[in-house]
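Both backbone and side-chain heavy atoms feed into the values below; hydrogens, waters and symmetry mates do not. Bear in mind the structure is a predicted one, so any value in this text is a computation, not a measurement. Throughout, protein chains are lettered first and strands after them, A, B, ... in sequence-line order, and every chain is numbered starting at 1.
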Amino acid sequence: MCSGNRDKNIYRPIETEVLDVVTESPAIKTVKLRPREELTFQTGQFIELTVPGVGEAPFTPSSSPAVKDTMDVTIMKVGKVTEKVHELKKGDIVGLRGPYGVGYPLDEYKDKEVLVFGGGVGLAPLRSLMFALLDRIDDFKKLYFRYGAKTPGDIIYKDLVREWSQRKDLDFRITVDKADEEWTGHVGLVTTILDDMDVDLETAIAVVCGPPIMMKFGTFKLLELGFKEHNIYLSMEKNMSCGLGKCGHCRIGTYYACKDGPVFSYDKIKDFHDIWQ
Amino acid sequence: MKFITNENLAELLDALKEDYRVFVPVKKTDIGSYPIKKGAQRYYREYEEFTDDIVIGEVRPFEPLKAFFTAAREVVAKGFTSEVPHQEDKPFAIVGVKNCDLRQGFAVQDHVYKDHDYEDPFYVKNRENNLIIASDCTCAIDTCFCRAAGNQPYPEENYDINLSPVRDGYLVEVGSAKGENLLEKHASLIEQVGEERARERDQQRQRVTEEVDSNIEQYEVPTYSKFKSDIIERNWDSDVWYEESKTCVECGACTIICPTCHCFFLYDQKDGDKMERLRVWDSCMLKHYARVAGGENPRGELWMRLRNRFEKKFDFFPKVADFYACTGCGRCVSACPAKIDIRKVLKRLVDNV
């Protein structure tokens, strides 16, 4: 964590070049960025991306934290800043601040079974986590990947997902809520593809990331299966504006998502009200 | 005991103008020929000369002290350059600051902006450079309930020098090295008087304390020792929130005027072909405060936002920092056009437990 340095302006973004823009789906693009000053992150941490003169919004990088000089951010078009992000072209200049918050404590996952459990656009931050986990896959007892999208058309990173599906060292299953004519895989909510796992429930880790409704019912399903509260890691994406624990917007109970999270184990936040909203 | 006469204080303030932008509390009972309906208005005005409307004692001005430390609107970044944008040429010297702003007001603002992993360079610089000439309250007004929030009606900490209004002038106390240096520099303006003058100050403090206590009794304001029992948690599903928020017009005045409220949003605009980033005060009572991208709003209803405001003051801060984020200054009571009264809400919360 960065300590107080008064020559440093905590609100200043780092000048960053757009190296490439990839269209993942009609509403989702990935921008490849190269900050002009060092900015590295741990998987699960987030950054604030500035479109100059338009505004700033928080995103979790979707690239490997091991890649130090560039960063991918996968962004769904939902508002003022993200609309402008979707208009970016190679060579444009944007700003980055961060990284902020606490990421996934991967060292604590050592020698355990790890389930990566995602829904919808939650795959973007989980891609970064998957890169980090696959980089050291021998550290874990077994790695499970379970993911659900609304329709086959909503699945992003198709080539990468296909590559993962063929790995022998990864227990991989995906599902869609609603199939199309070409889909031959599983159909049903993401909570329906957890039943075939054989894990030590005392120690098994589950990392959940997706839209609020998926996080909520996904967590309840994991608890029902016997996962322990302190082994379920949730990525809580609130309205993180300053990223510094000052502006007040992202408070969850006695925490700020930007500073104490965005990754929390379920036991830490379960007693707060309205965490799923 | 150090003592300064009215004339010498005027001289001191004149001298301070050299190094500071000096602000003094003034009191108005009319605006031109229009009388102010409810008594008087007290506010800070930049000092030019020692006029009759300057009132060093009495009670807090309407503006919270935080405005001198984090401006309501401040440019905090320009483009990608690392330099901190240009601030005021001169620091502020703020005169007549009261304990509600000094003690819990600074406790919260320091916690947020200073004692943290990330220091806000603007706030830290203002805290170092601004000068605070505090003063005792010499009366209580209807909305004062500082002692219920654990404060005294006279400065206890966080001042450079303090003035206690007494006959013919002020007793002067030093609260910091900066205050000490200032008095040394202007030693010719300071007189020594006997310890017996302290009795006059102490009697006045006692009288104002009783006035505040009588307010607390009259409005049945619960004292802070009664807040300790998780009143927000226990009232989570209570009707209090809905009922008390029914008249709210969502103006945000209660948070803007509050010496402890610190929330802001960052706003970017174009500055030529560059970006200019502003830090602007925000209010958790406003509808879109907690809204996230895509439109989800965890506190879409007004009563949820009222509950959230109380949770932050009376649950979050005691848990993370061991103090309540209410100073008992009563400004939100005066400011609210819907007559939502924090004292009454607190009483209902405590009574419900």
For this session: Under 4.5 Å, counting heavy-atom pairs only, tell me which of E296(B), K274(B), E233(B), E276(B) racks up the most with chain A.
Result: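 Looking at each option in turn, the highest pair count goes to E233(B).
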Exercise. Hey, are H273(A) and E311(B) close enough side-chain-wise for a donor-acceptor pair under 3.5 Å?
Worked result: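 No, H273(A) and E311(B) have no side-chain donor paired with an acceptor closer than 3.5 Å.
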Contact class of [X] relative to chain A, heavy atoms under 4.5 angstrom:
| X | value |
| --- | --- |
| W281(B) | neither |
| D120(B) | both |
| K312(B) | both |
| R279(B) | side chain |
| V320(B) | side chain |

Problem set entry | Stepwise side-chain contact (heavy atoms from CB on, under 4.5 Å) check, E119(B) with K8(A) | CA-CA 9 Å; E119(B) 282 185 342; K8(A) 199 176 161 187; over 6 Å; no
Problem set entry | Residues D117(B) and K246(A) bridged, charged N to O under 4.0 Å |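 So D117(B) does not pair with K246(A) through a salt bridge.
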Kindly check if the number of other-residue, nucleotide or ligand heavy atoms within 6.0 Å of [atom1] ([X]) is above 12?
| X | atom1 | result |
| --- | --- | --- |
| D69(A) | CG | yes |
| F220(A) | CZ | yes |
| K178(B) | NZ | yes |
| K90(A) | NZ | no |

Problem set entry | Closest non-hydrogen atom pair, G248(A) against C263(B) |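 Minimum heavy-atom contact is CA-SG, 3.7 Å.
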For this session: Please name the pair of heavy atoms, one in V292(B) and one in E237(A), separated by the smallest distance, quoted to 0.1 Å.
Result: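 The answer is CG1-O, 4.4 Å.
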Exercise. Is there a side-chain contact between D282(B) and C247(A) (heavy atoms, below 4.5 Å)?
Worked result: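 A side-chain contact under 4.5 Å is absent here.
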Problem set entry | W236(B) and D274(A): CA distance, side-chain angles, deciding distance, side-chain contact (heavy atoms from CB on, under 4.5 Å) verdict | CA-CA 11 Å; W236(B) 191 259; D274(A) 307 331; 3.9 Å; yes
For this session: Counting only heavy atoms closer than 4.5 Å, note whether V121(A) contacts chain B via side chain, backbone, both or neither.
Result: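 Neither part; nothing is under 4.5 Å.
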Exercise. Can you pull out the residues in residues 30-52 of chain A with any heavy atom less than 4.5 Å from chain B?
Worked result: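 Heavy-atom contacts from residues 30-52 of chain A to chain B are T50(A), P52(A).
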Problem set entry | Residues in residues 12-23 of chain A that sit under 4.5 Å from chain B, counting heavy atoms only |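 From residues 12-23 of chain A, the residues near chain B are R12(A), P13(A), I14(A), E15(A).
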Exercise. How about H249(A) and Y289(B): are their ring centres within less than 6.0 Å of each other?
Worked result: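 Yes, the ring centres sit under 6.0 Å apart.
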Problem set entry | Centroid-centroid distance, F316(B) to Y255(A), less than 6.0 Å |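 No - the distance between ring centres of F316(B) and Y255(A) does not fall below the 6.0 Å cut-off.
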Exercise. Just how far is it from atom CZ of F265(B) to atom CG of N239(A), taken to the nearest 0.5 Å?
Worked result: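 Nearest 0.5 Å value for the CZ-CG distance: 11.5 Å.
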Exercise. How long is the gap from CD1 on I10(A) to CZ on F122(B), to the nearest 0.5 Å?
Worked result: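 It is 8.0 Å, given to the nearest 0.5 Å.
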For this session: Show your working on side-chain contact (heavy atoms from CB on, under 4.5 Å) between M275(B) and V94(A) and close with a plain yes or no.
Result: CA-CA 10 Å; M275(B) 167 215 77; V94(A) 294; over 6 Å; no
Below 3.5 Å, can you tabulate the donor-acceptor pairs from side chains in residues 251-259 of chain B to any protein atom, sequence neighbours excluded?
from	atom 1	to	atom 2	distance (Å)
T255(B)	OG1	G252(B)	O	2.8
T255(B)	OG1	S283(B)	OG	2.7

Exercise. In terms of the angle between their ring planes, are Y100(A) and Y118(B) parallel, tilted or perpendicular, with boundaries placed at 30° and 60°?
Worked result: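 It falls in the perpendicular class, over 60°.
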Problem set entry | ring-ring contact (aromatic ring centres under 6.0 Å, His included) involving F69(B) - partner list, sequence neighbours excluded |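 Checked F69(B) against ring-ring contact (aromatic ring centres under 6.0 Å, His included); matches are F106(B).
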